[in-house]
Amino acid sequence: MASSGKIDLNSPTITWKEAKSYLKGLNNKQKRDHYSVKDFIKLKQIPVWKDTAKKANIKQPEEGKYAKNKALNEKVSLFRGDITKLEVDAIINTANSSLLGGGGVDGCIHRAAGPLLKLECSCLGGCQTGLAKMTCGYLLPAKYVIHTVGPVVQGDLGSAQEEELRNCYRNSMLTAVEGKLRSVAFPCISTGVFGYPPKAAADMALRTIREFLEENKDKFDRVIICVFLEKDEEIYLQKLPEYFPLA
Ligand SMILES: NC(=O)c1ccc[n+]([C@H]2O[C@H](COP(=O)([O-])OP(=O)(O)OC[C@H]3O[C@@H](n4cnc5c(N)ncnc54)[C@H](O)[C@@H]3O)[C@@H](O)[C@H]2O)c1
């Protein structure tokens, strides 16, 4: 135990349960002393879709299938960058079924969270495609990590994989609601190694997030779509006005 009650989360002797319980008792300022990243991004630094659209001078398409909703346009955000830097209640990890780490987002999250994340994950018994399981965020600026396993797409996209991707977004948001979390950030689930076509994935993500927020609008302050690649940013800028038309 270090002095003044502060625990060294990098100590080889601390268990993940001790670390999780200790972190739960800290306020944001105290937690910041433990982040593995110093250039973390605060929620208030991430613009909402309403402001992004105005700045990007986005053209509103003809009447789409979703109604204009000012409140929802102030709850969703499109952000391009590293999801491990976001200071939100939870980031979603697009993991594999073992939940024991891998590459891509999964690798970035485990590296930034530190070894305690894998130790907690190893007690979860893996995760089936489409489901979601939550752990502590440890050294991440995010309080929690919601791990979900997306579908693998080889060849043509099938309806089963579409349903599985929809389940990833819905079950991750349901898990956040159960944990009373108010701000979450999604990466582009399954669009990397798992091969889901990015435009079709963006349609499924936006439809599912829109419909879930309509049913649970008071449960969230912010749902962030965190893209990493420029092409994904372009896809979402093009599709967002269809699902979140500018009010
Ligand atoms: N990409 C790899 O080299 C690699 C290798 C082995 C396993 N994995 C991982 O990939 C599988 C899941 O496939 P997937 O397509 O769902 O995931 P993914 O391959 O990680 O790609 C998902 C999306 O996340 C983007 N991305 C990558 N790093 C970041 C970051 N730091 N912040 C935000 N977004 C980022 C990436 O560009 C892509 O659009 C799992 O097995 C997992 O372990 C990835």
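Indexing begins at 1, ligand by ligand and atom by atom, following the structure's order. Residue indices begin at 1 and follow the sequence shown.
A cation-pi contact, defined as under 6.0 Å to the ring centre and within 45° of the axis, is absent between Arg32 and Phe40.
Between Val105 and ligand 1, at least one pair of N/O atoms sits closer than 3.5 Å. Here's the thing with Cys226: none of its N/O atoms is less than 3.5 angstrom from an N/O atom of ligand 1. Residue Thr84 has no nitrogen or oxygen atom sitting less than 3.5 Å from a nitrogen or oxygen atom of ligand 1, judged on distance alone.
When Phe79, Phe228, Tyr196, Phe186 are checked for heavy-atom proximity to atom 34 (N) of ligand 1, Phe228 turns out nearest. Comparing Leu229, Asp232, Ile83 by heavy-atom distance to atom 37 (O) of ligand 1, the nearest is Leu229. Looking at Gly192, Gly102, Pro187, Gly81 and measuring to atom 15 (O) of ligand 1, the nearest heavy atom belongs to Gly192. Here the shortest heavy-atom distance to atom 2 (C) of ligand 1, taken over Val153, Val193, Val227, belongs to Val193.
A salt bridge does not link Arg182 to Asp89: none of the charged side-chain nitrogens sits closer than 4.0 Å to a carboxylate oxygen. For Glu214 and Arg210, the salt-bridge test passes: some basic side-chain N is under 4.0 Å from an acidic carboxylate O. Ion pairing between a basic and an acidic side chain is recognised when a charged N comes within 4.0 Å of a carboxylate O; Arg170 and Glu211 show no such pairing.
Exactly one of Thr208, Ile146, Ile92, Leu213 qualifies for a side-chain contact (heavy atoms from CB on, under 4.5 Å) with Met173. That residue is Leu213. When each of Val145, Thr135, Leu116, Asn93 is checked for a side-chain contact (heavy atoms from CB on, under 4.5 Å) with Cys121, only Thr135 meets the rule.
Of the protein's non-hydrogen atoms, Gly103 N, 3.4 Å is the one closest to atom 6 (C) of ligand 1. The protein heavy-atom contact nearest to atom 11 (C) of ligand 1 is Phe194 CE1, 3.4 Å. The single protein non-hydrogen atom nearest to atom 22 (C) of ligand 1 is Cys188 O, 3.4 Å, given as residue, atom name and distance.
For Tyr138 and His110, the gap between ring centers reaches or exceeds 6.0 Å. Checked against the 6.0 Å centroid threshold, Tyr169 and Phe186 count as a close aromatic pair.
In this structure, Thr191 has a heavy atom closer than 4.0 Å to ligand 1. For the ligand labelled ligand 1, residue Ser190 lies inside the 4.0 Å heavy-atom shell.
Here is the list of ligand 1 atoms found below 4.0 Å of a heavy atom in Thr94: 12 (C), 14 (P), 16 (O), 17 (O), 42 (C). Which parts of ligand 1 touch Asn96 is read off a 4.0 Å heavy-atom cut-off, strictly below it: atoms 40 (C), 41 (O), 43 (O). Ligand 1 places these atoms under 4.0 Å from at least one heavy atom of Asp106: 42 (C), 43 (O). When each atom of ligand 1 is checked for a heavy atom of Cys108 under 4.0 Å away, the hits are 31 (N). The Asp82 neighbourhood of ligand 1 comprises atoms 30 (C), 31 (N), 32 (N), with distances under 4.0 Å to a heavy atom of that residue.
Under the 30°/60° scheme for interplanar angles, the aromatic rings of Tyr66 and Tyr243 are found to be tilted.
Put simply, the side chain of Trp49 never gets that close to the backbone of Leu78: no donor and acceptor are under 3.5 Å apart.
With 3.5 Å as the limit, one finds no donor-acceptor pair spanning the side chains of Tyr196 and Glu164.
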